[in-house]
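Single-structure report; data block below.
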Amino acid sequence: MALETATPPATDPAPAPARRRRTRVSGKGRAWDAIFAGLARGSTVLTLLILAALVAVLFESAVPSIRENGAKFLVSSEWRPNEREVQKRDAAGHLVMEDGEVATETLPAEFGALPVIWGTAASSLLALLFAVPIGFGAALFLVRICKPRLGGPLSFLIEFLAAVPSIAYGMWGLMVLAPLLQDHIEPFLRSVLDVPGLHWLFHETIQVGGESITRVLPLSGRDMLCGGLVLGIMILPIVTAISRDVLRAVPREQIEGSLALGATWWQSSWAMLRYSRAGLLGAVLLGLARAAGETMAVTMVIGNNNQIKASIFAPAQTMSSLLANEFAEATTELHRAALIEIALVLLLMSLAFNISARMLVTGGATKSGGRR
Amino acid sequence: MATVIPLSGAQAASSRLPHAASTTLPPRVEEERGPARGRVFEAISRSEAFPSEIHESLLAEPAVVEVRDFRLWYARKQALFDISMRIPRGKLTALVGPSGCGKSTLLRSVNRLNDLVDGVSIEGDMLLNGDSIYGRSVDVIDLRKRIGMVFQKPNPFPMSIFENVVYALRIDGVRDTRVLEEVCERSLRGAGLWDEVKDRLRESALQLSGGQQQRLCIARAIAAEPEVLLLDEPCSALDPIATGRIEDLIEELKGDYSILMVTHNMQQASRTSDFTAFLYLGRLVEYGPTNDIFLKPRLRETEDYVTGRFG
């Protein structure tokens, strides 16, 4: 149309009336339409191809590690990228002497991802422990208490937290939160909680010269707790924003129905949470996915130690922080492949969390109540 | 929360009708006859106050709810004007009137659900069995526990049938299983649903049909033995068969409960109710025994409305 009218009639020697009345786009316009439609379609396909390529390349690069380590990769807790020479000990733990010298043996490289899988799982769950109650509470406040005039800016600020670069959280965690934990909060917790039954929280057993020694866990501030807290703050915006939308979709009759029966504010809020539990679970899963994949901030505060410790006051390592720490220095092919296999596991995990979360949120928002 | 804003009814109305002159309210005299037949709407359009036409037979009835000079505004827009009426105990009173006349607003004012709406302010008061509803010291939660309500759309909670029925007791902290089961059976029998659901009390209430869900909501509303039952167009979302069953049920409940029902359906009002109040543009126009309202109304406007000449 625009092309047609843009043509000045004067330059057209014999304007055919039928042609002028035509409402369909001219051949040239339709050609552009086809091109744009093709571009749009192509963009979508390209995005999907990138995802597919990502999985394929990761898988292909991980093949040496998968072949070498097999299922042991997921259950072994030993992560030793390079072979290491250690002093040889006999069954009783004594050093073995050979030719008047301490005998040594070489341990081969070994790749067990269990510590980092544990680290990711534990730090993410810790993050949820902080973020979910606060996020649900904030969502209830935004939906039920605060006036729309205040709710808009508040929602914006909370969502803005999601736009803060990850490294900024990491620096804050490293320079503010970790010292605070180390100097004040953790010593206080130890003085209060170090009671029979909870000693495992503050003590660790280590091997020194073949003997087990139990000692007080050094409080570093850069540990599982710090990582979990920083992750919790980082996933708070997404948990809040999604649970706010989910709670806002609760039908008015549901809220009024419980209030009319004499429910208190808290009881009717509980009814709302109950009503939208599928969507809220989706919010939690999306938070979990974000926490599991988060790299930079957690690398800075979690202590980076490949170990499985029950205590949240011990340093740990997550899958992503291990990648950040070691990938640049991986020299052997097997080491690289093992790291890539970790990335693959992480990717598939995030994908699974995200897909199930999306299904719960959209299903919960549109036909919540339709089932169960 | 409801706050009183310094606006008289007449002023608020005149702000809505820019051409109308602001008039002062004449003193209300109960015995005074209403405006001549056919003059009520004229009075409203001039935003003049007029006494509601209340039939004398109502005065003999003991009141469960008494509305006293009740006025309500949504922000600056006045929705209810000087409503004074007594809802008889143990009877079914129907509120009728065209859309937007304030029926539902009046109904929702009884259990103070309008408190939740932003910008609502009220003047006047209501009494529930002699106790103030809008007084300063009233605990709204306790008040609502004394009142049952059924909404337009069935709104069962996403829990089992059993938990739905005993919800009012649960939030009151009742734990005794024997008590809960007793109340559940009594309420479901009262709502005529017991035989249909007694074998699946633990199943989700959302599996029930629309009509069953609405009867479940009635069972839920009567579980705590309310002093008055508010029905807000309880059949408007139901098919004719389900509607018929609910109407039969309301008929049965009528002796045991004091019921205030909003309805759009004239047949429903004339079939089931003992008393009928006709509201128009936020005013109570005429209020009397249902037979009189439908067969020999005193005001022409009432007659026009109940015979379907407008509305």
Side-chain angles (χ1 to χ4, degrees), chain A residues 136 139-155 243 246-283 360-372, chain B residues 104 107-108 110-119 139-160 163-173 187 203-207 213-214 216-217 219-226 228-232 237:
Chain A
F136 285 4
L140 274 175
F141 172 80
L142 288 171
V143 171
R144 295 203 69 184
I145 299 178
C146 96
K147 300 259 182 283
R149 216 176 39 186
L150 187 63
L154 275 181
S155 291
S243 41
V246 166
L247 288 179
R248 199 161 272 164
V250 174
R252 207 188 159 75
E253 306 94 64
Q254 284 285 324
I255 306 166
E256 289 184 343
S258 64
L259 285 174
L261 288 163
T264 60
W265 186 87
W266 170 241
Q267 285 165 335
S268 60
S269 294
W270 182 251
M272 284 174 79
L273 293 174
R274 216 190 133 100
Y275 183 86
S276 41
R277 56 194 185 277
L280 292 176
L281 183 61
L360 284 169
V361 171
T362 49
T366 53
K367 53 183 178 203
S368 184
R371 25 178 96 168
R372 264 174 303 133
Chain B
S104 287
L107 190 82
R108 292 162 54 91
V110 177
N111 66 352
R112 293 188 58 171
L113 270 191
N114 282 329
D115 286 9
L116 304 170
V117 182
D118 273 340
D139 181 337
V140 183
I141 305 296
D142 285 343
L143 171 81
R144 291 190 185 131
K145 287 186 199 295
R146 297 167 60 188
I147 301 172
M149 182 162 184
V150 176
F151 294 78
Q152 292 188 16
K153 264 172 67 187
N155 58 344
F157 302 136
M159 345 170 163
S160 68
E163 288 299 330
N164 261 282
V165 177
V166 301
Y167 184 81
L169 281 75
R170 281 264 189 235
I171 59 178
D172 239 0
S187 309
E203 286 173 33
S204 167
L206 303 178
Q207 296 170 354
Q213 287 188 2
Q214 194 63 308
L216 178 69
C217 292
R220 191 173 66 185
I222 61 177
E225 297 285 342
V228 60
L229 193 55
L230 309 175
L231 308 179
D232 188 0

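Since the model is a prediction, treat every value here as computed from it, not as a measurement. Values below: all heavy atoms of this structure, side chains included; hydrogens, waters and symmetry mates excluded. The sequence lines fix the lettering, A, B, ..., with proteins before strands; numbering per chain opens at 1.
For the pair Arg252(A) and Phe151(B), the cation-pi test (distance below 6.0 Å, angle within 45°) is failed.
Ranked by heavy-atom pairs shorter than 4.5 Å toward chain B, the options Arg144(A), Arg274(A), Glu256(A) are led by Glu256(A). Each of Ser258(A), Pro148(A), Pro251(A) has some count of heavy-atom pairs under 4.5 Å with chain B, and the biggest count is that of Ser258(A). For the options Asn111(B), Leu113(B), Leu116(B), heavy-atom pairs under 4.5 Å to chain A are most numerous at Leu113(B).
Using a 4.5 Å cut-off between heavy atoms, Asp142(B) does not touch chain A at all. Proximity to chain A involves both the backbone and the side chain of Ile141(B), based on heavy atoms less than 4.5 angstrom apart. Contacts of Ala221(B) with chain A are made by backbone atoms alone, with heavy-atom separations under 4.5 Å and no side-chain atom involved. Neither the backbone nor the side chain of Pro154(B) comes within contact range of chain A; no heavy atoms are under 4.5 Å apart.
Using a 3.5 Å distance cut-off with no hydrogens or angles, the side chains of Arg220(B) and Asn155(B) do pair a donor with an acceptor. Side-chain N/O atoms of Thr264(A) and Gln267(A) include a donor and acceptor closer than 3.5 Å.
Judged by distance alone, the side chain of Arg144(B) and the main-chain N or O of Arg112(B) form a donor-acceptor pair under 3.5 Å.
Taking the six-membered ring wherever Trp is involved, the centroid distance between the rings of Tyr167(B) and Phe157(B) falls below 6.0 Å.
Arg170(B) has its side chain within reach of Glu163(B): a pair of non-hydrogen atoms, C-beta onward, lies under 4.5 Å apart.
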